[in-house]
**Q** 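The structure is given below, and queries will be raised subsequently.
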Amino acid sequence: MVKHKQEPDVLSSSPAELEALMAPWGVPAYRARQLFEGLWRRPIRDYGDLTVWPKALRLSVEDKYPLHRVAASRVQTGQDGTLKLLVKLFDGQQVETVVLPHDYGYSVCVSSQVGCNMGCTFCASGLLKRSRNLTAGEILDQVRLANDLIQERGHVISRVDLMGIGEPMDNYENVVKFMRLAHEPLGLNLSYRHFTLSTSGLVPEIYQLAEEGIPVTLAVSLHAATDDLRSSLMPIDKAYPIAALIAACRVYGEKTGRRVSFEYALLAGVNDTDDQAMQLVRLLSGFSCHVNLIPWNPVPEHPFTPSSKNRVEQFQRIVQEHGISCTIRKELGQEIDAACGQLRRREEEALSP
Ligand code: SAH
Ligand code: SF4
């Protein structure tokens, strides 16, 4: 039987919402703030750990609003310190969370949906259709889980990428709420500048995000500079062609003051020629943006081959020579980091009869 999540959802509530929730039972506002701090800053597993609260209050809240923390059902550790987690949600469904070490500290890549409906032809996440959106609390709790794991190494998460399973703009309200909650000074207190939201290009939501007053970095999965090719790789291109997408990105950059990034996964013989690099240059000329070339991670179900290292470097050279900032994404956790979405898929295949 599918369990239904109790409303309201404590993990998705701001300090003000927790205050409003508890006020009718005569709980003072400072107790609600203690709960929010306990949930995120000094993470409690359950209300029982919230020892600043009187026991009677803990028991009565626990009864009304059980916490549905996410939990790691599997942890793979790479030689470079990358952690890839299979994460179980309250209803037994699973997503992936990846913790990545960098020179500056640690970042976490979180999932926003169970599966994805966008149907990109090179991606493992889209092989499993979206079965539901994650709540704001479930996305935030992946950051908390990552923090729990790296705490032993004396670190905390300082950057968050919405680049795991799912299309964040297809779960807009919960994703925006997640970023607001993660920004709360009483909680994780993360700066908006330390978030990157990756989207396949849902144009209306890009305009909407530009107005939210949360200046996060927008990363747009481009992967091709012409609609003919892009629409064959990414069905979303038929609804929102490249010209409309770039126009929205320009507005996003102007409104937020953040430089937009374009992601471009190189597929041998598909989108990686010198001509295609020049098409990309023409498309982006005069736009202060950044291009991130991604070595494609093979997905056995998809008929592509990653471009060679030489090809990737030549592509980068052409883009850079024309004055566009362009980097090649470092491949972390190579031996464990099968393309995002694959760990969960493998697990589900192993479980199916
Ligand atoms: N749905 C969002 C965010 C999740 S995908 C989006 O599409 O942007 C995160 C990034 O990984 C995207 O740029 C996506 O195009 C890329 N990606 C998907 N499958 C990949 C693969 N097999 N190898 C390399 N990058 C991949
Ligand atoms: Fe979904 Fe992004 Fe994968 Fe496309 S690339 S199927 S939008 S997760």
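Ligands are counted one by one from 1 in listed order, and the atoms in each one are counted from 1 as well.
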**Q** Roughly how far, to the nearest 0.5 Å, is the CG atom of Leu149 from the NE2 atom of His155?
**A**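 Here the rounded value is 13.5 Å.
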**Q** Check this for me - ligand 1, Ala265, N or O atoms closer than 3.5 angstrom, yes or no?
**A**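 There is no such contact.
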**Q** Determine whether the aromatic ring centres of residues Phe304 and Trp296 are separated by less than 6.0 angstrom.
**A**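 Judged by ring-centre distance (under 6.0 Å), Trp296 and Phe304 do meet the cut-off.
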**Q** Show the atoms of ligand 1 that are less than 4.0 angstrom away from any heavy atom in Ser200.
**A** 6 (C), 7 (O), 8 (O)
**Q** I'd like to know whether NZ of Lys255 has more than 12 heavy-atom contacts from other residues, nucleotides or ligands below 6.0 angstrom.
**A** no
**Q** Mark up the atoms of ligand 1 that fall under 4.0 Å of a heavy atom belonging to Trp296, in ascending order.
**A**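 Under 4.0 Å from Trp296, ligand 1 has these atoms: 21 (C), 22 (N), 23 (N), 24 (C).
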**Q** Please identify which atoms of ligand 2 are closer than 4.0 Å to at least one heavy atom of Cys123.
**A** 3 (Fe), 5 (S), 6 (S), 8 (S)
**Q** For ligand 1, indicate whether the residue Glu263 contacts it via side chain, backbone, both or neither (heavy-atom separation under 4.0 Å).
**A** side chain
**Q** Output yes when Asp272 and Arg311 qualify as a salt bridge under the 4.0 Å nitrogen-oxygen rule, no when they do not.
**A**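 The answer is no: the pair does not qualify as a salt bridge.
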**Q** Using a strict 4.0 Å cut-off to heavy atoms of Val299, name the atoms of ligand 1 that fall inside it.
**A**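 Close to Val299: 22 (N).
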**Q** Would you say the side chains of His290 and Ser325 form a donor-acceptor pair under 3.5 Å?
**A** yes
**Q** Counting each atom of ligand 1 from 1 as listed, which ones have a heavy atom of Ser221 under 4.0 Å away?
**A**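 By the 4.0 Å cutoff, the relevant atoms are 6 (C), 7 (O), 8 (O), 12 (C), 13 (O), 14 (C), 15 (O).
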**Q** May I ask you to check whether Cys116 brings an N, O or S atom to under 2.8 Å from atom 4 (Fe) of ligand 2?
**A** no
**Q** How are the rings of Tyr192 and His183 set to each other: parallel, tilted or perpendicular (split at 30° and 60°)?
**A**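 Ring orientation of Tyr192 relative to His183: parallel.
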**Q** Between Arg180 and Glu212, does any side-chain N to carboxylate O distance fall below 4.0 Å?
**A** yes
**Q** Looking at Lys238, I'd like to know if its NZ atom is crowded, meaning that more than 12 non-hydrogen atoms belonging to other residues, nucleotides or ligands lie closer than 6.0 Å.
**A**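 It does: Lys238 NZ has more than 12 such atoms within range.
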**Q** Is the contact between Thr199 and ligand 1 made by the side chain, the backbone, both, or neither, using heavy atoms and a 4.0 Å cut-off?
**A** backbone
**Q** Relative to each other, are the rings of Phe315 and Tyr264 parallel, tilted or perpendicular (30° and 60° limits)?
**A** tilted
**Q** Relative to the heavy atoms of Gly164, which atoms of ligand 1 are at a distance of less than 4.0 Å?
**A**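 This gives 4 (C) as the contact atoms.
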**Q** Would you call Arg31 and Glu19 a salt bridge, using N to O less than 4.0 angstrom?
**A** no
**Q** Should the heavy atoms of other residues, nucleotides or ligands under 6.0 Å from CZ of Arg132 be counted, would the total exceed 12?
**A** yes
**Q** Using a 4.0 Å heavy-atom threshold (strictly under), name the region of His302 that reaches ligand 1: side chain, backbone, both or neither.
**A**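 Under 4.0 Å from ligand 1, His302 contributes no heavy atoms.
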**Q** Number the atoms of ligand 2 from 1 as they appear, then name those within less than 4.0 Å of a heavy atom of Ser200, with their elements.
**A** 7 (S)
**Q** Out of Leu267, Asn297, Ile165, whose heavy atom is nearest to atom 24 (C) of ligand 1?
**A**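 Residue with the shortest heavy-atom distance to the ligand atom: Asn297.
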**Q** Atom CG of Leu266 and atom CD of Gln276: how far apart are they, to the nearest 0.5 Å?
**A**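 Reported value, rounded in 0.5 Å steps: 9.5 Å.
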**Q** Contact between ligand 2 and Ala124 is defined here as a heavy atom of the residue under 4.0 Å from a ligand atom; is it met?
**A**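 No.
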**Q** Judged on heavy-atom distance to atom 2 (Fe) of ligand 2, which of Gly201, Gly166, Ser111, Gly119 sits nearest?
**A**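 Closest candidate by heavy-atom distance is Gly166.
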**Q** Among Met234, His223, Met163, which one puts a heavy atom closest to atom 14 (C) of ligand 1?
**A**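 Residue with the shortest heavy-atom distance to the ligand atom: His223.
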**Q** May I ask you to list the atoms of ligand 1 that are less than 4.0 angstrom from any heavy atom of Gly166?
**A**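 Those atoms are 1 (N), 2 (C), 3 (C), 4 (C).
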**Q** Would you say Cys120 has an N, O or S atom lying under 2.8 Å from atom 3 (Fe) of ligand 2?
**A** no
**Q** Return the option from Pro306, Ser198, Ala219, Cys123 holding the heavy atom at the smallest distance from atom 3 (C) of ligand 1.
**A** Ser198
